[in-house]
Amino acid sequence: MGPTSRNHKSSQKDVAPNEAKPPRYPQRNRSITASASASAFASPAVANSRVAKERPSSSTAGEGEPQETVLKLPSIPTLPARMAKLVPLEGLGCEAAVGSLTPSREREYKVTNKHTEGRRPVYAIVFNFLDVRYYDIFATACGPRLSTYRCLMNGKFALLQSYLDDDMNESFFTVSWACDIDGNPLLVAAGSTGIIRVINCATEKIYKSLVGHGGSVNEIKSQPSNPSLIISASKDESIKLWNVQTGILILVFGGVGGHRHEVLGVDFHTSDIYRFLSCGMDNTVRIWSMKEFWEYVEKSYSWTDATSKFPTKFVQFPVLCAEIHSNYVDCTKWLGDFVLSKSVENEILLWESITKEENPGEGHIDVLQKYPVPECNIWFMKFSCDFHHNQLAIGNRDGKVYVWKVQTSPPVLIARLNNPQVKSAIRQTAVSFDGSTILACTEDGNIWRWDEVDHPTAPVPSKKQK
Amino acid sequence: MAGDSRNEPMFCEEGSSESGYVLCVIDSLKKKITSDRFVYIQKRVEENSIKLSPITLHSHNLSKNRQTSTSNSTDLVSNLLTKRKEDALCAVNSRESSPDESEGANCQDECSSTVIVGGNLSARNSVRPIRLPEVATLPPYTTWIFLDRNQRMQEDQSVLGRRRIYYDTNCGEALICSDSEDEAVEDEEEKKEFKDSEDCIIRMTIQECGMSDAVLETLARDIERAPDDIKARYEILQGEKPEGSSKKVSELNVKMEDVYGDKDLDAALDSFDNLFCRRCLVFDCKLHGCSQDLVFPTEKQAPLCSSDEGTPCGIHCYKLVSKPDAIMEIDSHLLVDVEEPTSDNLKDQIGSNKKKLGSSGQKTKSQQSESSSTARVSSESSESEVQLLSNKSPQHSPGLSKNKLGAKGGIKKSTNRRIAERILMSVKKGQQEMSPDSNSIVNGCHWPRDMKLRSDTRSGIKDSVVSSQCNSPSTRSFRKKGTLQMENNSSFVDAQSDSMEDTNNEHSATDGCDSSRKEECVDESICRQEAHGRSWKVIEQGLLLKGLEIFGKNSCLIARNLLGGMKTCTDVFQYMNYIENSSASGALSGVDSLVKGYMKGNELRTRSRFVRRRGRVRRLKYTWKTAGYHFIRKRITERKDQPCRQYTPCGCQSACGKQCPCLTNGTCCEKYCGCPKMCKNRFRGCHCAKSQCRSRQCPCFAADRECDPDVCRNCWVGCGDGTLGVPNQRGDNYECRNMKLLLKQQQRVLLGRSDVSGWGAFLKNSVGKHEYLGEYTGELISHKEADKRGKIYDRENSSFLFNLNNEYVLDAYRMGDKLKFANHSPDPNCYAKVIMVAGDHRVGIFAKERISAGEELFYDYRYEPDRAPAWARKPEGPGAKDDAQPSTGRAKKLAH
């Protein structure tokens, strides 16, 4: 049973007995109990990974990895300069602007719909912002099921597609939209088994299954300007960069300077194609750069050989490691060059890193703003923003959604969405393109929809309605 | 302030009013800072949002483009998502008037309170779930880095003192794996730095209220620091202002100038000493770390002999300048006899000098005439006409030169200065120009005067000329030694002359042994040496010292390898001679005498070692089966069941006694120790011949050590095709088989899905019994750290800890190699063994039996019975050993 509060035992009551997230494996690596798990598995596409490699029925098959060859020098990557380890400054002159919890009622929302997705918790809900045609389409992940919906006028949903994993033990934790190079919409999802499923929504067929993570995958994000690149954050303490077009594992971010515990969240920078954020159970937020390895990214598009032969690289050191939280950091997001990050501490922080130009290893974190979110002290509670990053929505343990205006100082609480019916924890929210519709998915398997009151005739992108 | 003073009489307590005022000031300052901060935040956020808007616009455009690009390539029908989207809309539209609407209206009316029943999905039934075929999952693992050798844990990898939060699976309680006490202590120790805001408050408040104890007191209370700190800080702040950045720049310049400058060799070598691992011979060794204790071996290696005697090393080779060494030696023998009188002469001169100096006032006339003549000479000589000078020299009768020496004392300052300046100039010139032939003689001409000048100083006339001249340290040292040295000077000069004879040989050959000429030569040589001593920087001398250590007295090699670009071979040669010859006088400055000391000592040492070496072999044979070996063997058997002891080289400079850290620690001395090879505590390696190093007969094998080609007599390994030379045929044509870890002769291991659980390690090729398979590498962590980590790993039921020795545990969790995935079995086909390889303990995995290709590898983790996880417990039976010790730590693997 995973998502539990540090100081709140009772929150577990809400959690269905079998459906806690993420379930802990009995990781009995050393077990002598013969659990015949050696089933030859055939996957549509098995991605290579450094250690993860299936053994065909006889174990004689050689492994392409350099680590086992004796003569070849081991490919320990050249370690760049040590990362900057930054902590926030405290005290006078370093205060953050804290938002007030009194709603400004700038926009009024009301519940317009509820849809029961299943009995298992819905962990992810996300709008497709990659293609203007699909701005009103969102995807959800509930247990082994992935669904795509359309937000209709008058608060209705229309189920478009539904995908069900044959492995009923699968529980998808995250779902993300991506595109192949032709622009076809892809749905990328992963969860407890650690297998990343890439589904082509245009053909409604599984496109690739990316195998490589040694633990559950907690979040997947796609690169906004190259949407066939995705990064996945995993329990195996690494972040992996994949090319979903070719199914290649390009880079692995982890190792000496990597996360020391499960990685819970990642986010690509909105404009800098090289940088991304990651956060995890080791209470840190890290900024990584793949600038030096960009040639591999380019190579991955034109790779025609077996995916396992691709020279996957390890990136061991992030650019920066920020120790601003004292508990699990489960969601983080870029806001321009600023970073929004949320820990299990009832607030979201907006901060920037200030490093000295001559010595990037030194500096500090400047926490600019705080967005309080009461009763939000259990982990795996994610927030989301609208397309323009103007407003942010986050649910809490009691089923309330706080909608913050992000880019004002001090922050303004636009609205607090509550409904007595919504009782269980809200795991993830989705804000439509213009912020007029807010969706929330809950622990008890429901999707709730709020629409802006004076927006009755114009649900998500009105201009696109034909 | 005015108001404050007015109010003063009204208040009884002056302090309180003032502190009240100060508080007020502080308060307003704080408010200002806070408001400034918010303004700043606002500004930053605004800037950011301005930056962000074009970015989102750009991605919006991108998403628009995607629409257009795909609508061209794929039509609507083939894109099912688009199709379904349209379908959904149609479905809704068709049912527009159906119950949906009323429901919707219902919602709108009671937006926040009413119950919304059920889903109002349209077209729900038309969607049938599309099945995703099952894909076999990987066994779980944590990302790890491949290591080909063990690594010591880096500081920041420690889990000690780090908060690590775990939520319990059942009750949701957090388990924080850290010592809260440790953290608290650390926090307190940390000295808080002044922040900008505090600086601002301090500066402004003191400016406003003036500096007084009360103000400081209040300030201190307010920002929670000691008043003294604040005062000091204020002074710093005041000081900082005017200088600003210019100071920094100048500092930087200074730094740039003397990267080497006056640094001596030790300082320059500091980073080398700290970063270079003398055991692994690499920089920044990951295994032994930086800043190891330096261990200097007692026994120095014999200096390298140069193979190419006779062939000059380059255009500046001393061999080109001078005649070969042999001649020089003969010369020096001859010279001893020849120069005996000269030195007497000099002594006389000096004696007379002293007398003359005592009554210098009477000698003014002759002095004047002399001074003019010297001036002339100097001007002429500065023309650097060798011929001229040699013509000139006969003119000076011995008496004259004697006079000259004595008379110098009274020369007018102005002349002196001029001469001195000229001399300095010419010295510089001489240093710059590299062709020694003509120059040296020019120098030689100048130096007599220089020497005389110095003798002036010694006799007590301290004028500015001399001080201006005394730039180089060596000159200074001469001066310090003062008059006493003067007496020595003659002998010193003698000694010098022979070294320099070679340069003068040509002249003396042509001119014959004219006594005055001789004297000039002597002078010349001294002064030339002076020039050398003077221009040798500290670092150069240090390098020379090292060079002597490495190459012996081979100026070619020293100059080429260590002093390239700084000194030529000739320079080195001459300097060495200078040092050597000046030994008798002891008239050397610090470093010089050090160099000298080394040169002397080295000779002695080489000789004595030669003797010793002869003895050693014999004794080694003798002791082989006696004391040393048995002592160690006994220890081996005694300690069989105890963890191995970590070895750290001792720095004993004589045979290790009771204080030797190795001995007290219970380890043998190794080749990395400083102690002589004779040390009784040394492990002496084996003498085995013919593949004998695989049984307990071999002392190395018996001691769980690998043979070391540096130590063992017959153990060696051939490499290459023999073109690089084969080592001496010690023993038979046999290669030692007990060096596999050292040589990394491991088997190919494959990683795959275990037949038992999770991952497993498999063997690619079949091997025989006792074959070495590979090394279990990992992070070297302390036992304390291991217990902490073990706590975490036990929660995950997956531990990669391996007990290495009394100090370290191997952790392969994040770093290691594939053998870390070999599973446990009570009936294994492999075994692990901790082996000492070149002073380090390493874990080798060996085949317990014949293993055929493709078999999975298992070994017994040998967890201590009460700490073992359930799956690793031995099945209860009569065979179960019961050697349980009281255990305190976490489950760690053990070797056999």
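Labels below follow one simple rule: chain letters A, B, ... track the order of the sequence lines, proteins then strands, and each chain is numbered from 1.
- B:Ile130 touches chain A through backbone and side chain together, each having a heavy atom under 4.5 Å away.
- Between B:His824 and the choices B:Phe858, B:Phe800, B:Tyr861, the ring-ring contact (aromatic ring centres under 6.0 Å, His included) rule is met once, by B:Tyr861.
- Contacts with chain A were tallied for B:Ser49, B:Pro54, B:Ser63; B:Ser63 has the most, counting heavy-atom pairs under 4.5 Å.
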Exercise for review: Begin from the C-alpha positions of A:Asp366 and B:Arg37 and carry the test salt bridge (Lys or Arg N to Asp or Glu O under 4.0 Å) through to its verdict.
Suggested key: CA-CA 11 Å; A:Asp366 193 8; B:Arg37 166 74 181 167; 2.8 Å; yes
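- In this structure, the portion of A:Ile199 lying under 4.5 Å from any heavy atom of chain B is its side chain and not its backbone.
- Of the atoms belonging to A:Leu368, heavy atoms from both backbone and side chain fall under 4.5 Å from chain B.
- With sequence neighbours excluded, no residue forms a side chain to side chain donor-acceptor pair (under 3.5 Å) with A:Thr408.
- Looking at B:Lys51, only its side chain comes within 4.5 Å of chain A, counting heavy atoms on both sides.
- Of the two parts of A:Thr148, only the side chain, counted from C-beta on, holds a non-hydrogen atom closer than 4.5 Å to a non-hydrogen atom of chain B.
- Side-chain contact check for A:Asp236 and A:Ser238: at least one donor-acceptor pair (N or O, by modelled atom type) lies under 3.5 Å.
- Most heavy-atom pairs under 4.5 Å with chain A: of the set B:Leu132, B:Ile41, B:Thr56, B:Asn765, this distinction falls to B:Leu132.
- Residues satisfying the ring pair (Phe, Tyr, Trp, His ring centres under 6.0 Å) criterion with A:Phe387, sequence neighbours excluded, are A:Phe129, A:Tyr135, A:Phe433, B:His60.
- Looking at A:Gln369, only its side chain comes within 4.5 Å of chain B, counting heavy atoms on both sides.
- Ranked by heavy-atom pairs under 4.5 Å with chain B, the first of A:Cys94, A:Ala96, A:Gly255, A:Gly254 is A:Cys94.
- Under the 3.5 Å distance criterion, the side-chain polar atoms of A:Gln407 are matched with a main-chain donor or acceptor of A:His389.
- Using a 4.5 Å cut-off between heavy atoms, A:Leu160 contacts chain B through both its backbone and its side chain.
- With 3.5 Å as the limit, one finds no donor-acceptor pair spanning the side chains of B:Tyr141 and A:Glu237.
- For the set B:Asn48, B:Thr143, B:Ile55, the count of heavy-atom pairs under 4.5 angstrom toward chain A peaks at B:Asn48.
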